[in-house]
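Chain identifiers are assigned alphabetically (A, B, ...) following the order of the sequence lines, protein sequences preceding nucleic acid strands; residue numbering begins at 1 within each chain. The figures here come from the full heavy-atom set of this structure, side chains too, leaving out hydrogens, waters and symmetry mates. All values derive from a computational prediction rather than experimental measurement.
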Amino acid sequence: MINVTFLTADGEKIKTQGLAGSVMGLAVEHDVPGIGGDCGGVCSCATCHVHVAKKDLARVGEASEIEKDMLELTDDVSEASRLCCQITLSEDIDGLEVKVVRE
Amino acid sequence: MQPSKCSNNHQEPLRCDSDSVAPSQAREITTEKCPFSNFDENKVGQFKDSFSLLRQNQGFLDIDDQNDPVKMVLGLKEVRKAAHNWNLFQSEAKPGRIVVPSEVSIRDIRQIPFELDPPSHKYFRSLLEPWFKRPSTLEYQDKLGAIVEHVVSQTINDGTAHKNKQNSYDAVTDIALTIQSRALSVLLNVPMDEAKTWISWGTHVFRSNDNPLDAEKADVLYDYLDAQIQKAKGAPRDDIYGLLLNAKVEGRALSDEEIKGILVLTFAGGRDTVINSLTNTLAYFSDNPDALNFINQHPEHLNSAVEELFRYFSPLTHMGRVATAEGEVAKQHIPDDSRISLCWASANRDETVFDTPNNLVLTRKTNPHVAFGFGIHNCLGATHARALMRIWVKELAHRVAKVDVIEATENIEQWGGVKRKVGFQTLLVRLTGRV
């Protein structure tokens, strides 16, 4: 199982576990506030914006050009920003911590 | 006048070409009807990119509209930037002015929250979002599923149905309008019987087939909503009328006009767009029967398939904005108080962003389309539309082996010198069930 922890805008810590899919899918499955996932993960709606914990940035990797273009026009964007529908669950990111940007 | 482009040669069957004209011809206006109204049965589900040359060559299209010109923005990144910049390109202009063709001459009522900007926009959007997110729940989706299942059961050809020619049904009126109207009753949480009234209005609530700005037609909706709002004041209700009558925005109750403005948007915004999405999907499957099997066998691709259908069809071609100051978009100077429009349909075929933009790729994984708009004014009804289309496509894939189109009349929009197929006036189809 792959562990991912979400810190919501209200300060709540939600610990989740999953096997496959995306970090967004995991968030939706666990009703994490602030993660919409309206487009189901095709990088169209930007409702799954998170800030990745500094310690995890390198292993999560950089956003693609398409994702960067989306993030460019998103509120509260930072160097740690990712759309979590574009982060695939894998052993490489076990223990990931992300902060949800939207309330 | 530039005559309609119709081809009639030995290589291709007779057909009307809804493709764009070259930039040099872009200001020619076409009004003639193509004499060859036969459709190409192998391409009925094909929706060409009408804006490709203009998008690649200049990035914009000038269109006139009742002496209030519009500069249509065509590239995805430029469209997104302008949509994001709500402060410069506002929606809270004179009611009806951001719509193209402008509805300024036929309505005073402001559609909410669509024709508001922050801060008012945020207050109304916060009030409405929980209601319009209900389609994410299984209970809501089950209701939509029952509606779709019922209509498919009625129209699928099991050898007993006899409606029109060769056991066929009009996908626009018999199928899509029925599903859209019944599904709207779920969105509003009103009895499904109400849908009978809405179906009786026909496919458009603001337009008749020969008049894009039909004030009398709009009055039918306004009168209906006035009556419903007054009726809802009499007793506690758990429908959208009850929600709005009991709601407060900035510490005050909503006026009847504001309630009506929200409801008009709900009725009008999800009418043609949903009907086109449902109908066009049938047209696509008629050309691509293998796609029905593929989705049926690979339900894990249902979501990407539906998002791709939305991108490819782009059921709302564009939406306008009004400049609050001088500005620039697509390297063009935009005068204060002039209009631009954000062309979602063109942006969704932008070859600098999408690989093979004119192919409908059911498994397209990354699909940053703007079929539901972009930025703070993105479509409030998108959750409902997505849920309905996922159920529609899944049901068709599960139960239908093939879709035959018997007759088709395309619905072609005209923007300046550009023609765009957005859907169908009629699409006579026969659905053959799986054995």
Practice task
Could you tell me which portion of B:N378 (side chain, backbone, both or neither) has an atom closer than 4.5 angstrom to a non-hydrogen atom of chain A?
Solution key: neither
Handout entry: Side chains of B:L342 and B:H318 in contact at under 4.5 Å (non-hydrogen atoms)
Key = no
Practice task
Please determine if B:R364 forms a cation-pi arrangement with B:Y312, meaning its NZ or CZ atom is less than 6.0 Å from the six-membered ring centre and no more than 45° off the ring axis.
Solution key: no
Handout entry: Ring center gap for B:F294 and B:H301 short of 6.0 angstrom
Key = yes
Problem - Nearest-0.5 Å distance that lies between atom CD1 in B:I340 and atom CD in B:E78 - result: 9.5 Å
Fill in the blank from the handout: So, the part of B:H369 with a heavy atom under 4.5 Å from chain A: the answer is both
Handout entry: Residues B:R420 and B:T317: side-chain donor-acceptor under 3.5 angstrom
Key = yes
Exercise for the section: Considering only heavy atoms, give the residues of residues 10-44 of chain A separated from chain B by less than 4.5 Å, sorted numerically, with 'none' for an empty result. Expected result: A:D38, A:C39, A:G40, A:G41, A:V42, A:C43, A:S44
Exercise for the section: For the residue pair B:F374 and B:V79, establish whether any side-chain heavy-atom pair is separated by less than 4.5 Å. Expected result: no
Practice task
Give a yes or no on whether a salt bridge exists between B:E129 and B:R125, defined as a side-chain N under 4.0 angstrom from a carboxylate O.
Solution key: yes
Handout entry: Toward chain B, the part of A:E65 with a non-hydrogen atom under 4.5 Å
Key = neither
Completion exercise
Of the listed B:E308, B:K365, B:R311, the one with the largest count of heavy-atom pairs under 4.5 Å with chain A is B:K365
Fill in the blank from the handout: Under 4.5 Å to a heavy atom of chain A? For B:R386 that would be side chain
Exercise for the section: Answer with side chain, backbone, both or neither: which region of B:F310 has an atom nearer than 4.5 Å to a non-hydrogen atom of chain A? Expected result: neither
Exercise for the section: Check the pair A:R102, A:T47 against side-chain hydrogen bond (donor to acceptor under 3.5 Å, both in side chains), reporting the backbone distance first and the verdict last. Expected result: CA-CA 8 Å; A:R102 294 200 323 168; A:T47 59; 5.0 Å; no
Practice task
Kindly indicate whether a cation-pi arrangement holds for B:R134 with B:Y140, taking the cut-offs as under 6.0 Å to the six-membered ring centre and within 45° of the axis.
Solution key: no
Handout entry: Closest-packed option against chain B by number of heavy-atom pairs under 4.5 Å, given A:D69, A:L73, A:T74, A:I66
Key = A:L73
